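The next block holds one structure in the form of structure tokens; read it before the comments.
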Amino acid sequence: MTTMLIPLAAESDGFLGGVEEAINNAFEPIATAVTDVIFWQVPLGDYSFPLIVFWLVAAATIFTIYFRGIQFTSLKTAKDLVLGKYSRASDPGEVTHFAALSSAVSGTVGLGNIAGVAVAVTVGGPGATLWMILAGLLGMCTKFVECTLGVRYREVHEDGTVTGGPFKYLPVAFERFGATASKIGVSIFAVALILFGALGGNAFQSNQTYAQAVEITGGEDGWLASDGAALIFGIVLASLVGLVILGGVRSIARVTSKLVPLMGILYIGACLLVIFGNVTQIPDAVGTIVSSAFNPEGVTGGALGVLIVGFQRAAFSNEAGVGSAPIVHSAVKTKHPVSEGFVAMLEPFIDTVVVCSATALTIVIADVPLYNDLLDRAAAGESVTSDTGVVLTSRSFDSFLPGFDNVLAVAVALFAFSTLITWSYYTLKAWTTLVGRSKGKENAFKLIFCVFTALGAVVNLGSVLSFADGMLFVCAIFNLLGCYLLLPKVKEEVRKWREGRASGEITEVPRDERATT
């Protein structure tokens, strides 16, 4: 999930519009400076490669080699763990493996899987899909590493709640540089996470949900576009978010464990209807994806350009290496840290290999006139905006499922809401890392988060959102550095698990004692 590929709602008028413009103008130099550094482009022939994408993909590749492709050899173990076969209800932690996975997936599967993928297969051609899948498969190992560390170094408080993730393992990784350097590194990570979460993971999602709701209720002439409707919509959405997040991670997990399967079935089901409704075209579509990954025609940058586009979309979508997912995964009920690493590696598989690939295959198979037009425009060097990407995805569905734009709007709303509640938890843990834990401080932050949700439906702050995007990848710089430094600790956890399974110390838990709810 990333905000950088999605269009904003319509501009505001009057006094509010003036405030937005003033804030954007004042903040634009800061946003430009930050994004120029974070998304610095390395020239490669006719193309350029964002250095942060290389940082993410290189880590995923190195981790995969270091652990000998553990994400491919441990899929059955991951499945058994999600089903609760090795965790007791009495184990330390707050949520089950399935609930932790659902919560983390809800924070990554979002609007970028709809609009972002459409842009990727347009700018990079259908071959970008193959590289997107490869990057997703490699990213599985990154999630395995960071989430194992998140549980190993977590803190279980007296009230049973948990604080884990980078806030606990980064101090251990950075302690070799001295206490001051360690504290600064962790603080920068926490501040960056809050800035992204409050804006990109919160206000932006609210803004997009409102924009989609306006679109299906008559557009600018509809009742939701009337004066004051945006604020009312934002307050209602903020109230729903507040009802969920006041209950803590257990409440969030209960909602996401129901919401994620629902939105997954809704969206993937629609993709499958288009794909298998045109079953005779599947071989040609797959052949086109594979062949154009290596021998693209009319794509700027050639085969290298296609590879970069695919890797970039995967890296920006599944957030492997950013350090957000370990925060919620650390709350799992388990005595074995690596067990949650196995579960977490399913995230990029679901987000990128399944959801993003389903979107891409749907677009390639539907082959609507707009897709070919956009391919020609991209080949001619014209930019393809993400609002056009949304339209392309919608038309691809409509080619087989007329009227699907309404269903797509529901999917967008579900994606956005699930992202909101998950990021409330991520940012809350960052907040308590900076200011300390107390009921009052936590509730104050939850109130602030809900205020940003309400304002997000009303205010469009483009330059601020660009800055927020950069902050997410600031997190990745510090998080992956910590992961590199602690790789031997992850290997130690893998060894303990395998020895425990071999000796019989770790065995399947009786069904009536499993942590499944």
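Here the structure is a predicted model, which means the values were calculated and not measured.
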Pair Leu472-Val322, side-chain contact (heavy atoms from CB on, under 4.5 Å): steps then yes or no: CA-CA 7 Å; Leu472 182 64; Val322 167; 3.3 Å; yes
Under the salt bridge (Lys or Arg N to Asp or Glu O under 4.0 Å) test, residues paired with Arg501 that sit two or more places apart: none
Which heavy atom of [X] sits nearest a heavy atom of [Y], and at what distance?
{"X": "Val353", "Y": "Gly136", "result": "CG2-C, 4.4 Å"}
{"X": "Gly164", "Y": "Ser330", "result": "CA-OG, 3.3 Å"}
{"X": "His157", "Y": "Thr163", "result": "NE2-OG1, 2.8 Å"}
{"X": "Gly482", "Y": "Leu170", "result": "CA-CD2, 3.8 Å"}
{"X": "Thr148", "Y": "Gly341", "result": "OG1-CA, 3.3 Å"}
{"X": "Ala325", "Y": "Tyr426", "result": "CA-OH, 3.7 Å"}

State, yes or no, whether a side-chain contact exists between [X] and [Y] at a heavy-atom distance under 4.5 Å.
{"X": "Leu346", "Y": "Val105", "result": "no"}
{"X": "Phe342", "Y": "Val338", "result": "yes"}
{"X": "Pro126", "Y": "Val121", "result": "no"}
{"X": "Phe294", "Y": "Ser291", "result": "no"}
{"X": "Tyr169", "Y": "Asn479", "result": "yes"}
{"X": "Ile282", "Y": "Asn278", "result": "no"}
{"X": "Leu193", "Y": "Ile327", "result": "yes"}
{"X": "Ile477", "Y": "Ile52", "result": "yes"}

Output yes when a side-chain donor or acceptor of [X] lies under 3.5 Å from a complementary backbone atom of [Y], and no otherwise.
{"X": "Arg154", "Y": "Pro337", "answer": "no"}
{"X": "Glu505", "Y": "Glu499", "answer": "no"}
{"X": "Lys333", "Y": "Ala89", "answer": "yes"}
{"X": "Ser87", "Y": "Gly84", "answer": "no"}
{"X": "Thr422", "Y": "Thr419", "answer": "no"}
{"X": "Asp91", "Y": "Arg88", "answer": "yes"}
{"X": "Lys429", "Y": "Val162", "answer": "yes"}
{"X": "Ser357", "Y": "Val354", "answer": "no"}
{"X": "Ser503", "Y": "Gly500", "answer": "yes"}

Option among Cys147, Cys141, Ser74 that satisfies the side-chain contact (heavy atoms from CB on, under 4.5 Å) test with Met345: Ser74
From CA spacing to verdict: side-chain contact (heavy atoms from CB on, under 4.5 Å), Thr122, Ile363: CA-CA 10 Å; Thr122 299; Ile363 292 170; 5.9 Å; no
Give, for atom [atom1] of [X] and atom [atom2] of [Y], the distance between the pair rounded to the nearest 0.5 Å.
{"X": "Met140", "Y": "Leu75", "atom1": "CE", "atom2": "CG", "result": "5.0 Å"}
{"X": "Thr362", "Y": "Ile275", "atom1": "OG1", "atom2": "CD1", "result": "4.0 Å"}
{"X": "His97", "Y": "Glu340", "atom1": "NE2", "atom2": "CD", "result": "5.5 Å"}
{"X": "Phe63", "Y": "Glu146", "atom1": "CZ", "atom2": "CD", "result": "8.5 Å"}
{"X": "Arg152", "Y": "Leu486", "atom1": "CZ", "atom2": "CG", "result": "8.5 Å"}
{"X": "Phe167", "Y": "Ser187", "atom1": "CZ", "atom2": "OG", "result": "10.5 Å"}

Geometric class of the Tyr267/Phe397 ring pair [parallel <30°, tilted 30-60°, perpendicular >60°]: perpendicular
Ring center gap for Phe473 and Phe196 short of 6.0 angstrom: no
CA sep, side-chain torsions, deciding dist, call: Leu137, Thr352, side-chain contact (heavy atoms from CB on, under 4.5 Å): CA-CA 8 Å; Leu137 293 172; Thr352 307; over 6 Å; no
Phe189/Thr433 under side-chain contact (heavy atoms from CB on, under 4.5 Å): CA gap, chis, key distance, verdict: CA-CA 10 Å; Phe189 177 90; Thr433 296; over 6 Å; no
Full working for salt bridge (Lys or Arg N to Asp or Glu O under 4.0 Å) between Glu493 and Lys489: CA-CA 6 Å; Glu493 293 296 338; Lys489 301 298 183 182; over 6 Å; no
[X] [atom1]: over 12 foreign heavy atoms closer than 6.0 Å:
{"X": "Phe177", "atom1": "CZ", "answer": "yes"}
{"X": "Tyr66", "atom1": "OH", "answer": "yes"}
{"X": "Lys496", "atom1": "NZ", "answer": "yes"}

Residues in side-chain hydrogen bond (donor to acceptor under 3.5 Å, both in side chains) contact with Ser324, at least two apart in sequence or another chain: Glu319
Pair listing, ring pair (Phe, Tyr, Trp, His ring centres under 6.0 Å) test, anchored in residues 71-95, at least two apart: Tyr86-Trp497
Between Thr161 and Glu94, a side-chain donor and acceptor under 3.5 Å: no
